Structure formats: C-alpha cells, structure tokens
Amino acid sequence: MGIQGLTKLLGDAAPGCMKEQKFENYFGRKIAVDASMHIYAFLVVVGRQGDQMLTSETGEVTSHLQGMFFRTVRMLEAGMKPVFVFEGKAPELKREELAKRSNRREDANTELEAAKEAGNAEDVEKYSKRTVRVTREHNEECKRLLRLMGVPVLEAPSEAEAQCAQLCKDGLVYGISTEDMDSLTFGTPKLIRHLMAPSSQKPLAMEFDHELVLKELELTEDQFIDLCILCGCDYTAKISGIGAVRALSLIKKHGSIEGVLAALDSKKYQIPEPFPYQEARRLFKEPDVVKGDQIPQLKWTSPDTEGLIDFLVKEKTFAEDRIRKAVERINAAKGKASQGRLESFFGPAKVVSSTMGKRKEVPVAAKGKKGSSGAAPKKGKLGGMGKKK
DNA sequence: ACTCTGAGTCGAGACGGA
DNA sequence: TGACTCAGAGT
DNA sequence: TCCGTCC
C-alpha cells in the first residue's frame, strides 16, 4: 500500500524534491529493484487472455519469466546495472495487512468461479487478476533467470524496499526503482518512479530526493517517518479524518506523534486501538536489513547463453531465436557500457561517476519552484557517441 | 474553502510485423 | 494494487 | 502507431 497520499503531498508541499529525468540519464548507473513487485505485475498482465497466462508445454506459468527476461534486457541495453532484491519474511506488524490481502484474494476466487459459471468473460478477466499471488517457485525461477543473465540477486532478510534503501544509503546503487513510496520512509536517498515507461510514452522517470524532501517539508528524518505513519502505512491503522495535509501540519506544530496525540481533540478524532506507532517507527528507522560490508559484492557478468537456452527454451518452450537475439543485445550493450564508462572518465566533469562513497551525485538543477516541469534541463549529454563495432 | 472519505473507474509488459 | 475522479460530509 | 502475440 505504501504511504497514503504521499505522492500528492510532496507534489504540493515539496515540489523541489522531484525531478524529471530522461531514460538515457541512467546509463551506467546501478539501480536497485524490488523483484517481487515486478513479478506480481507480470503475472497480472503478461500474456493474459481471460484467465489464461503464458505457459510452457507442461502447463507451468511463464508470464513472470517472459516479463522479467525482456525487461531486464531493456535495462541492460539502456546501460543500467540492475540488482534485484527479493522479499524476505514480513514483519509481524504487517501480518494483519497481509491477511487482509489474502482474504481479498479468497473473495476474488469465489467471484471468479461465479463469473466462469455465468460465462461472463469480462468478470473472469477482472477477478482472475485479483487472485494473482507470487509463489516461492516464481521467485526461485526468476532468481535462476537473473543469475543466468549475469545480474546480481540479493535476498532481503525482510522487506525488499528496506533492503533497497539500504543499498542506496551504502552507496552501492545510485537509486532504487520502485512505485512504492515507502522506500522514502525507509530513507532511500533517491527513489525513481516510472523508470520503465517507454520513452514514447509521456511520463518521464521521476526522481525523488530524500534530502530535499526533508528540506522542503522542513522536517527532520524522524518527523518525516512520523508523518508517513500518520498518513497511513502498512504497519498501523490510520486515524480517521487525518489525511496527508493535516498530518503534515500537525507534525509541524507538535513535532512528533506523541505531541500530536497529546494535543488531538479525542472527541473529533478516534485513535485506533491498538496504535503501535512506536513499533512502526522502529520498523522504518531500523528495518531488518543487511548492510555495509555484510552485503555480498554485486557483480554484473556476461550472460550464460547456453544456460539461458537450456532453461528458457528447453524447459519453458521459449522461441530460441528470440532468446539468442536478446542475448546479443545484452552483449552489444555491455561493450558500449564499458566504453561509456571510459568516456565519462575522461569526459566533461558534469558526468556523474557512480562509484560508491560519494554522494551528491547530481547537481540539483535550478531549484524549480511551482509545478513547472517545462522539459528536463538536459546537461552534459552522454551516450551520443557514434560508430563502434 | 479546504480536507478527508468512499465508491467508482482504469490500467498496470514488451516485442515485432503490418 | 494505485491513481485518478467525483460525490458528499466534516472541519 | 496500432495490435496481435509471446508460451
């Protein structure tokens, strides 16, 4: 669920923390990705006709592999270095939320049966999407696929978004690509939305900068976490009648959830019972993650062509020439990527180095005030090099 | 006037040939 | 499952 | 760019 209303709040109250970015600007950059979210989306949408999905000869679903394979190829081709982070065990506080989702799936299942019975194709489509669940097998198959592609895979002890944020804090990735705003609550220095939207479509990638979020909202990090909890997060119920706007002004006025609760008119606003906001705060502030030198080294290697053929073609009945062509694209991109890094090394100082340690990667272009947008700044261009081969 | 809610809707991938 | 809209009610 | 297909 993320943080309710946070995107809109930031757009209104902290527009300077968001910056549009072109797809090409991620050339050469390391990007952390929550794998489970992607797998889920692929299962919902890839190759779906009614309640049918893509399957191998033996009837096993392959939608997640189709989606994951070609998306990863796209990322590599764009010169990105993705690291996929897999979800671990959910924290206790999230169990209730997860149970709700599970119940909703149950309901969708019965609706689905009814729709099939009635022969209502539209409803079959609708409800079958809601029954989608990412299984251990989906996850394992995607890990196997990614390893064959030469892309690093990381197992999070708990929340994937928290682990992604930690990678970014440790300087191991430039940013994290997600649609889930609670990564910001976990403190990722940089969050990238709509990274995968094709350039033909309108929405450019949008970067959120954590430091600027705090600066523009004039909050400390602790206060920002409290704000997110009040807005509504996965870990606690929210106070009915308090949305993002009121939450912000309350936190500003009273400094913390404790202060807000002490000052709230309990006749107007009902505090949920229980309201484990302290535990939620702890989960955001000190989530269960692997950090620092405990993190295994992230390595991007050449794809294992024959391994991919064995897996995707022999086991999962993918078309061999499609796979081979895609692998070639990856290899071509690898060549360009190393050349690109070299050029950026000698090139104009504008170009960002993605090595760890340094922060403050992007020169925050002109403090854009109100809405604006008016085309991305587009500074030093990279990737314009020609020839090669 | 502003804010929040709840019900409704929609669309969510990527490729490649026409 | 979110994001966006629109109604309506509360502050 | 649209639209059928990927498995």
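Everything numeric in this text was worked out from a predicted model, so none of it was measured. A note on names: the letters A, B, ... follow the listed sequences, proteins ahead of strands, and every chain is numbered from 1.
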Which whole number of Å gives the distance between the P atom of B:dG11 and that of D:dC2? 14 Å
Distance in angstrom units between A:Q52 CD and D:dG4 P, rounded: 18 Å
When the C1' atoms of D:dC6 and B:dA7 are compared, how many Å lie between them, rounded to an integer? 36 Å
Give me the stems containing DNA chain B, sorted by first residue, counting only three or more consecutive Watson-Crick or G-U pairs with both distances under 3.5 Å; say none if there aren't any. B:1-4 with C:8-11, B:6-10 with C:2-6, B:13-18 with D:1-6
note: A:L264, atom CG; B:dC4, atom P; distance rounded to Å ~ 13 Å
Whole-Å distance, A:I239 CD1 to B:dT3 C1', equals 15 Å
Given A:K316 and A:E141, is the salt bridge (Lys or Arg N to Asp or Glu O under 4.0 Å) satisfied, shown in steps? CA-CA 11 Å; A:K316 303 294 181 184; A:E141 287 184 333; 2.8 Å; yes
Heavy-atom check, side chain of A:M68 versus side chain of A:C142, under 4.5 Å: yes
State which residue, out of A:D34, A:I39, A:T72, A:I31, fulfils the side chain to side chain contact (heavy atoms under 4.5 Å, CB included) condition with A:F84. A:T72
Minimum heavy-atom distance between A:P157 and A:V289, given as atom pair plus value: CG-CA, 3.8 Å
Strictly under 4.0 angstrom, non-hydrogen atoms only: write out the protein contact profile of nucleotides 13-18 of chain B, one letter per nucleotide from the 5' end, B, S or -. BSSS--
Sticking with atom P, work out how far B:dG17 lies from D:dC7, rounded to a whole angstrom. 13 Å
Nearest-Å distance for atom pair CG/P, residues A:D180 and C:dG2: 7 Å
Phosphate OP1/OP2 of B:dT5: any A:K238 side-chain N/O under 4.0 Å: yes
If I compare all heavy atoms of A:V153 with all of A:K143, which pair ends up nearest, and what's the gap? CG1-CG, 3.9 Å
At under 4.0 Å, does any side-chain N or O of A:R246 touch on OP1 or OP2 of C:dT11? no
Which listed nucleotide (C:dT11, B:dT5, C:dT1) is nearest to the side chain of A:Y40? C:dT1
Could you tell me the separation between the CD atom of A:Q4 and the P atom of B:dC4, rounded to a whole number of Å? 11 Å
Distance col, row A:T62:OG1 vs A:L43:CG, nearest 0.5 angstrom, shows 10.0 Å
In terms of side-chain heavy atoms of A:R130, which of C:dT1, C:dA3, C:dG10 is nearest? C:dT1
Base, sugar-phosphate, or nothing for A:K316, non-hydrogen atoms under 4.0 angstrom? sugar-phosphate
C1' atom, B:dC15 versus C:dG2: distance in rounded Å? 26 Å
May I ask you to say what A:Y269 touches in the nucleic acid, namely base, sugar-phosphate or nothing, with a heavy-atom cut-off under 4.0 Å? sugar-phosphate
When we call it a touch if two heavy atoms are under 4.0 Å apart, what does A:T55 touch: a base, just sugar-phosphate, or nothing? base
A:Q49 side-chain proximity, nearest of D:dT5, B:dT3, C:dT1: D:dT5
Taking the minimum atom-to-atom distance to the side chain of A:T317, which one of B:dT5, C:dA3, D:dC7 wins? D:dC7
Given the side-chain rings of A:F311 and A:F318, with only the six-membered ring counted for Trp, is the space between their centroids under 6.0 Å? no
Salt-bridge criterion met for A:E279 and A:R282 (N-O under 4.0 Å): yes
Tell me the interatomic distance from A:Y127, atom OH, to C:dT1, atom P, rounded to whole angstroms. 15 Å
Roughly how many Å is it from CG in A:L10 to P in C:dA3, rounded to a whole number? 12 Å
Salt bridge present between A:E306 and A:R324 (N-O < 4.0 angstrom): yes
From the candidates D:dC7, B:dA12, B:dT5, the one with an atom nearest any side-chain atom of A:A319 is D:dC7
For A:L230 and B:dT3, what is the distance between atoms CG and P respectively, to the nearest whole Å? 16 Å
Would you say that A:R193 contacts A:T178 through its side chain, given a criterion of any heavy-atom pair below 4.5 Å between the two side chains? no
Tell me which one of A:R71, A:Q66, A:H64 satisfies side chain to side chain contact (heavy atoms under 4.5 Å, CB included) with A:V46. A:Q66
At 4.0 Å (heavy atoms only), tell me whether A:S63 reaches a base, stays on the sugar-phosphate, or touches nothing. nothing
